[in-house]
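Here the structure is laid out as structure tokens; the discussion comes afterwards.
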Protein chains: 2
Amino acid sequence: MIQRGGTGRPRAELDVKTTKAEPQPADFADVRATNLAVVLRHLRVNGPSSRASIAASTGLNKATVSSLTSDLIGQRLLRETGLSGNRIGRPSTVLALDGSAYAAIGLQVAADSLTALAVDFAGDRLLLWHRAFDGEPATTGAGRAVTAITALAQRAAVRVRQQGRRVLGLTVAVPGLVEDGTVRLSPPLGWSDVDLGGRLAGSLRQPGLDVAVANHAGLAALAELRHGGHPAGLDLTYVTGAAGLEAGIVADGRLLLGARGFTGQIGRFALGPAGSPTLQDLAGIEPLVRRTLPDVDPEALTDLGPAVEQLAVLARSGDAGAVAALRDTGCHLGQGLALVANLVNPEVIVLGDHYASLAEWIVPAAEAELARHTLAPAAGGARLVASALGRHAAALGAAVSHLDRIDTGHLPETR
Amino acid sequence: MIQRGGTGRPRAELDVKTTKAEPQPADFADVRATNLAVVLRHLRVNGPSSRASIAASTGLNKATVSSLTSDLIGQRLLRETGLSGNRIGRPSTVLALDGSAYAAIGLQVAADSLTALAVDFAGDRLLLWHRAFDGEPATTGAGRAVTAITALAQRAAVRVRQQGRRVLGLTVAVPGLVEDGTVRLSPPLGWSDVDLGGRLAGSLRQPGLDVAVANHAGLAALAELRHGGHPAGLDLTYVTGAAGLEAGIVADGRLLLGARGFTGQIGRFALGPAGSPTLQDLAGIEPLVRRTLPDVDPEALTDLGPAVEQLAVLARSGDAGAVAALRDTGCHLGQGLALVANLVNPEVIVLGDHYASLAEWIVPAAEAELARHTLAPAAGGARLVASALGRHAAALGAAVSHLDRIDTGHLPETR
DNA sequence: GTTACTTTGGTTAGCGTCTAAACTAAGTGC
DNA sequence: GCACTTAGTTTAGACGCTAACCAAAGTAAC
């Protein structure tokens, strides 16, 4: 952290995501958007509060807060939830986030299945569908899978609208490298250069509906940031434990995208000549399962869930081989995560998916290795925790990525 | 990159560096600061231009540009440099950055020496002092070194003021982990928990002078971003090749700081059990020199410069051993940088310091390994280039970090 | 019950900043 | 000298924030 000896209040600063080189000029709309975001974020972090307390703790003027909240109530993003009797003085009217008007949809693509999930602005889950690609896994060809994805997206959007919510956006979470809506390369799916975004936009085109495709680890990291029970603005890294080994990195409150969006490819980590085992080989869930349960049908391994469950049962029963294999995986994972900790210094590293299910046996070994390989473990090392979000974290994050835009002051256009 | 199907112009967004959890509210001052920054950045990137062309290409109103430039001229940050005779119509008055009023100072601490450098707002170098810690390297104890640093900083500030510049700030670049002005741990210097920032602030306290301490790799990355001849806003990673092996990561136009500022510790990279060789062992400059020039006095190796020069001469003369050793270092470095590329996906990786001097022999091997270990080399791999900034990049970056604040609209307070 | 006090939240006047449109300035071309 | 073109300033207006005032709605004391 760079220390600044100078005085002066911390000044808000304008920053642009889309255009990197030339920053966009600012005008009143930006001030308004920022302050709307301040109010929304305050309510999300601190829970329901009165206008007066919002003004007091954000530093905004009372009049400004009244004006902002009036807009937000008009947009159905806030609700007055009654009076709070203070000990003395006029009772305050309590304002709370109102999630009932808007929702977003996230889809998550795996080799064998497809998950659709919708949440509203308050974070309530509206819909969770899980569909197997029956007989036709995504790996046999992108064409059918893309058709299935667009169909499911379409149906989810219709259903959410039937529930009285306006759908703000839809994002598809995919493992691998995604660029401008195109899946450049996804080893777990066996895809390359699949223009999923284009297909989706073509069949879902509706005014005000934002369609996107993005890497599943990054989206899961967003989900963890918003629904993982962490303090707001935490620097965290999420590690996927299914469909490849990837990481989503949140730094400075935002997702690290890199030059082309190809961040977090930790499964490719290797130090040694070409052909050396990668971190995916050493610490991946699928190799672990293959080593530990050699009699499982390799064909059945498109869905790792049952095998992981079986492994957990074995470990819980004290099976020495299983426990040793898990510890070994934990060691290698810890060594890999030490690289992440040394490079981007997150506060916590969240183990997702199957790693979370097996955390009990993996984390101790991983923590020890992590501490061993970081320069100042007490200071620079990262805390290692298991995700509580389950297997649909990426789908949740995909939906959340749209709702986050409201939280940053980009209110939906009134129609 | 997340694709957004929705319409609407890219909206500027407010973001706060200092307080992470609760964003600061915005007001007109922020709009003004942002737009001042837009004008300054436009001139820095596109060179001198007229008010009309600034308005046309930034999207700001002509009247606004007039008002902004009038402020900037009043602050002596801009200058009218004459008329430009167009073919037709009224000639335009050309505006250019005026660097002559403000300057900042950067210091760079190495085991054996101390560098002070001052640049003005236009980027002209005002001062470059290099002092050896004679007989008393920094590694023998922080106390004397800190005294020498504060003394040099003091003298540099006096000298720059004599040159008619106002000194905006001073930063000391240090290898290792730096937190809130304190050097937590610096293996190259042998320091731990040295409150350098406190000592500096104590002896330099002056109104409006910003004092900071930060990691040298991060600062060098800032220098590279501003003076390396790259397009503005490039995602780049700078790799130090002296005083340890560290990286400075610029993503999204800003330095990646992580939870506590301990980013870029690539020298600690290792994949394997404890005791496995680290990237510093395999690809560090000092181990390379020790391996290749075994008859050099180890005591003389606090300054690697002469040994590196000797190595370059050997390689240039075709010495097989030297060339092989350099290629080997390049291989390992490439493998290490592949981890960086896979994790944060920079557009370019800049090799600094001694790596730049030896780039001719190191880069080809490193590039090959880098390509081999990235998922989609053509897309996700990073370009590898040698820095042109020389050995004082960190000092330059230390100074530049203060001048950058002007570019982001934080004009110096008028006194 | 009346009065004083406290706190909430809305209203009003004023200020700073951006924008659009009119206007002045300063050149070229015929 | 007049039309045309481009540069930069002036002016009127819109917008959003702020400070100060005011009304609303309660408690506490008498």
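Just so it is clear: chains get the letters A, B, ... in the order the sequence lines come, proteins before strands, and each one is counted from 1. Reckoned from all heavy atoms, side chains included, excluding hydrogens, waters and symmetry mates. Quantities reported herein were computed from a predicted structural model and do not represent experimental measurements.
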Atom pair distance, as rounded to whole Å: CG in A:L95 and C1' in C:dT8
12 Å

Sugar-phosphate only, base, or nothing, as touched by B:S92 at under 4.0 Å among non-hydrogen atoms
sugar-phosphate

Would you please confirm or rule out a distance under 4.0 Å between OP1 or OP2 of C:dG10 and any side-chain N or O of A:S66?
yes

Going 5' to 3' through nucleotides 17-27 of chain C and flagging B where a protein heavy-atom sits under 4.0 Å of the base, S where only the sugar-phosphate is that close, and - otherwise, we get BSBB----BBS

Who are the salt bridge (Lys or Arg N to Asp or Glu O under 4.0 Å) partners of [X], not counting sequence neighbours?
X	value
B:R79	B:D98
B:R44	B:D407
A:D71	A:R32

Restricting to side-chain hydrogen bond (donor to acceptor under 3.5 Å, both in side chains), what partner residues turn up for A:S50, sequence neighbours left out?
none

Residues in side-chain hydrogen bond (donor to acceptor under 3.5 Å, both in side chains) contact with A:R161, at least two apart in sequence or another chain
A:Q206

